[in-house]
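Order of the sequence lines fixes the chain letters, A, B, ..., with proteins taken first and strands second; residue numbering starts at 1 for each chain.
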There are 2 protein chains.
Amino acid sequence: MPENAGRAPTQRDVAAAAGVSTATVSYILSGRRDRATPVTPETRDRVLRAVEQLGYRLNHSGRSLRRRRTELVCVVYRMPDNPWVERLAEQVQTIGATSGYSMIALPLPSSPPTEPAAASRPQPSALRVLRERYVDGAIVANGTLIEPDELRRLAASGLSLVVFHDALEPAGFDVVDLAQRAALTDLVRHLLGRGHTRIGYLAHDVELAAPDDEVQSLKYRMVAAALAAAGVPLDPRLVVPGADVRERAYVETQRLLRADRPPTALISASDRGAIDAIWAARDLGASVPGDLAIAGIGNGTEGSAIRPALTTVGLPKLDFTVPVTRLFERIAAPNELPGDRIPQPWQLIVREST
Amino acid sequence: MPENAGRAPTQRDVAAAAGVSTATVSYILSGRRDRATPVTPETRDRVLRAVEQLGYRLNHSGRSLRRRRTELVCVVYRMPDNPWVERLAEQVQTIGATSGYSMIALPLPSSPPTEPAAASRPQPSALRVLRERYVDGAIVANGTLIEPDELRRLAASGLSLVVFHDALEPAGFDVVDLAQRAALTDLVRHLLGRGHTRIGYLAHDVELAAPDDEVQSLKYRMVAAALAAAGVPLDPRLVVPGADVRERAYVETQRLLRADRPPTALISASDRGAIDAIWAARDLGASVPGDLAIAGIGNGTEGSAIRPALTTVGLPKLDFTVPVTRLFERIAAPNELPGDRIPQPWQLIVREST
DNA sequence: CTGAAAGCGCTTACAG
DNA sequence: CTGAAAGCGCTTACAG
């Protein structure tokens, strides 16, 4: 039981209890410079015992104010998380641990309250963590979550930053380019090459609610652009919502198939929706891909487990060693690295469903 | 463009640029005590212009060292997130914002590398955020993630703490009691009351890999205990894995139904697995609940959307105002509140599938 | 209405 | 091998 009433013990209290100076306590606790100024084992023991007895805990603010670094990095993403964000976070933790860094997350709300376009940007209070030097560096898993100008200002103010974004110029930070547009174009070409001309799209609800929102409707816009570029513009009657909720994806797919001129191929904004679409088609007696070719987006883990295995676009494997290592290089050498583009391309993964 | 080479500008730089003292800068930026010491609009403007021009950003470490508080709270949970953790995080953000608090997350890895029991506890580097006063308070969404002793030490060291846990004594922190065991007991009684005696269990894989791990196998252990208490111990042949992966839940359910003496009721560790089980049964020509009653655990959003609507146990509604408000009360009055038990009971939600 | 000064808890070159 | 002292960037009672 600590005896100090109220106030948490400091290194000063530890030093007093152990009969040494605060410098000695600090050397022992931070483990630095042990070689240059070795401490006798007895002193060390006495200090550690005092730490234990007082229940002393290091004060991070004091340390980082003095060291001018927080030894903390942050992963920014939109809720809900998904396997690739989890993998990214895991690698940030693992790789960071080797240089004494810990990781925190900054999950931004999935469904902003009102006005889609503006509200899809995070509140200032969430950005405080990035703006006020709470962390030395950050990986933004979805660069569209934060205004480009804000990203540039953050980088200029000394925050080490690596941003996943398809269409942003590096500017004091690195940009991991997933080349999503190219992959979706490949997918469209693949379907056209199989002879499909009536291609439907199973959308995230928010995409249809705010089709012009670059943040929320990214996939919809990219698919539509790829189809238009190929001379087969998306037929509005073949666009339905429901990719988010299993039962609705099922119902909407059956509605499409029962319509006058059903599509012969369907792209779903999510792998999950695509899988539901496969079930829906099968239950109507339609064969996949015979009667309806179905493709997902994202390359989630489910897609390769089902039959027919799902054609999709996404990262071929979940390895973010390059961007994560880059983040820590930036932190180690602040203001020395310009801004690079790091290619980590999505790819077309053709399986059985198309 | 900031002109300081290297070093980030401080309030001192701002004060110099605006021709005032650092005290004035601080008053203007922190917005406190404006009533007692109003600043002339001209001074204010001059300071804000200097802030803009220098690209000044507040240094959190300096502020929180001085204020002796970080104005930051943390939500601790196990990856992946789920709708209720998201809702919790959202409410922490919203309620915290009214008193100037920001939220960060501490997502702990979902599948620890090796040794299940020990490895299911987080690494020390993850706990640094809680131990070293990086935040003023935390909500632990799953109290089994952190050792009880560690929780007590954290609370004793002054961290405001609210922990979701079914079987922990409050000790300087509050415990939100979901009463999961009682709800699962209700579910078992409900099935027995419908005449079922052969009740199967669709498990999370990790539950069968480490059935003795209290952290990972919570639901499995509670269901087994409830069945045993009712005099109908769980038949090992009716326990199958696969609740995590859609296709496997489907296959395992069909395997159960094709066996010699199939179960007449099935409890799934996840709502998702239960929904897959419904599809699997239906595809074999078995009616739900006629031939097989199926219940989930968790009360996720999908369960009420499907047909037959899913019987499940979980929180009847996602409102964490009480525990979240309590966290901020604790932060406002440190060391004054003892430790309370906050009931937020899971409930049996009977729908059509049983 | 504004400024000089102390101090939050730590780290680290430097002197002994 | 150890300690006295300065200083990281803020805030705030206090004096003017």
Side-chain angles (χ1 to χ4, degrees), chain A residues 4 6-16 18-47 51 54 56-71 100 128 131-134 136 157-158, chain B residues 4 6-16 18-47 51 54-72 100 128 131-134 136 157-158:
Chain A
N4 311 37
R7 187 159 294 224
T10 68
Q11 288 191 3
R12 201 171 161 178
D13 300 317
V14 173
V20 297
S21 76
T22 62
T24 302
V25 174
S26 177
Y27 278 129
I28 290 171
L29 293 182
S30 61
R32 314 242 159 170
R33 298 234 315 161
D34 264 4
R35 197 175 43 86
T37 62
V39 171
T40 59
E42 299 80 54
T43 306
R44 184 184 194 81
D45 273 7
R46 223 167 348 120
V47 168
V51 163
L54 295 172
Y56 169 78
R57 295 275 169 109
L58 188 89
N59 182 312
H60 166 78
S61 296
R63 165 176 284 187
S64 62
L65 178 58
R66 178 58 226 235
R67 286 200 178 158
R68 313 179 60 83
R69 97 195 102 87
T70 65
E71 287 167 329
R128 252 182 65 200
R131 284 188 179 139
E132 300 182 354
R133 305 172 202 288
Y134 281 85
D136 297 336
S157 79
Chain B
N4 312 37
R7 185 159 294 224
T10 68
Q11 287 191 4
R12 201 173 161 176
D13 300 318
V14 173
V20 298
S21 76
T22 61
T24 302
V25 174
S26 178
Y27 277 128
I28 290 172
L29 293 183
S30 62
R32 314 241 159 171
R33 297 235 313 162
D34 265 4
R35 198 174 41 86
T37 63
V39 172
T40 58
E42 301 79 52
T43 306
R44 185 185 193 79
D45 273 6
R46 222 165 351 118
V47 167
V51 163
L54 294 172
Y56 168 79
R57 297 273 168 110
L58 188 90
N59 183 312
H60 165 76
S61 295
R63 165 175 284 186
S64 62
L65 178 57
R66 177 60 225 234
R67 286 200 179 157
R68 311 178 61 82
R69 95 195 103 87
T70 65
E71 288 168 328
L72 216 50
R128 251 184 64 201
R131 283 187 180 140
E132 299 182 353
R133 303 170 204 290
Y134 196 79
D136 297 335
S157 78

Nearest-angstrom distance from the residue atom [atom1] of [X] to [atom2] of [N]:
| X | N | atom1 | atom2 | result |
| --- | --- | --- | --- | --- |
| A:R66 | D:dA5 | CZ | P | 16 Å |
| A:R12 | C:dG9 | CZ | C1' | 10 Å |
| B:H60 | C:dG9 | NE2 | P | 15 Å |
| A:R67 | D:dA6 | CZ | P | 22 Å |
| A:Y27 | D:dA4 | OH | P | 14 Å |
| B:D136 | C:dC8 | CG | P | 18 Å |
| A:R44 | D:dC1 | CZ | P | 13 Å |
| A:Q11 | D:dC8 | CD | P | 19 Å |

(request) Any strand is fair game: report the nucleotide pairing with D:dA13 by Watson-Crick or G-U wobble, both distances under 3.5 Å, or none. (result) none
(message) Let's test this: given Watson-Crick or G-U wobble pairing with both distances under 3.5 Å, identify the partner of D:dA4.
(response) none
Which atom names give the shortest non-hydrogen contact between [X] and [Y], and what distance separates them?
| X | Y | answer |
| --- | --- | --- |
| B:T22 | B:A15 | N-CB, 3.7 Å |
| B:R63 | B:S30 | NH2-CB, 3.6 Å |
| A:R46 | A:V20 | NH1-CG1, 4.2 Å |
| B:L29 | B:Q11 | CD1-NE2, 4.0 Å |

(request) For A:T43, answer base if it contacts any base atom (sugar-phosphate contacts may also be present), sugar-phosphate if it contacts only those atoms, and nothing otherwise; contact means non-hydrogen atoms under 4.0 Å. (result)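 Since only primed, P, OP1 and OP2 atoms lie under 4.0 Å of A:T43, the category is sugar-phosphate.
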(request) Would you classify B:R57 as touching base, sugar-phosphate or nothing, given that sugar-phosphate means primed atoms plus P, OP1 and OP2, and contacts are heavy atoms under 4.0 Å? (result) sugar-phosphate
(request) I would like to know whether B:S61 and A:S64 meet side chain to side chain donor-acceptor pair (under 3.5 Å); could you show each step before the answer? (result) CA-CA 6 Å; B:S61 295; A:S64 62; 2.7 Å; yes
Does [N] have its OP1 or OP2 closer than 4.0 Å to a side-chain nitrogen or oxygen of [X]?
| X | N | result |
| --- | --- | --- |
| B:R68 | C:dC8 | no |
| B:T40 | C:dT2 | yes |
| B:T10 | D:dG9 | no |
| B:R63 | D:dT11 | yes |

Select one nucleotide: of [options], the one nearest the side-chain heavy atoms of [X].
| X | options | value |
| --- | --- | --- |
| A:A23 | D:dG3, C:dT11, C:dG9 | D:dG3 |
| B:N59 | D:dC10, D:dC1, D:dG3 | D:dC10 |
| B:T24 | C:dT2, C:dG9, D:dC10 | C:dT2 |
| A:L65 | C:dA5, D:dG3, D:dG9 | D:dG9 |

(request) Using a strict cut-off of less than 4.0 Å between a Lys/Arg side-chain nitrogen and an Asp/Glu carboxylate oxygen, indicate whether A:E42 and A:R44 qualify as a salt bridge. (result)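 Salt bridge between A:E42 and A:R44, a charged N being under 4.0 Å from a carboxylate O: no.
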(request) Between B:G62 and A:G19, name the one whose nearest nucleotide on DNA chain D is closer to the 5' end. (result)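 Its nearest nucleotide lies further toward 5', so the answer is A:G19.
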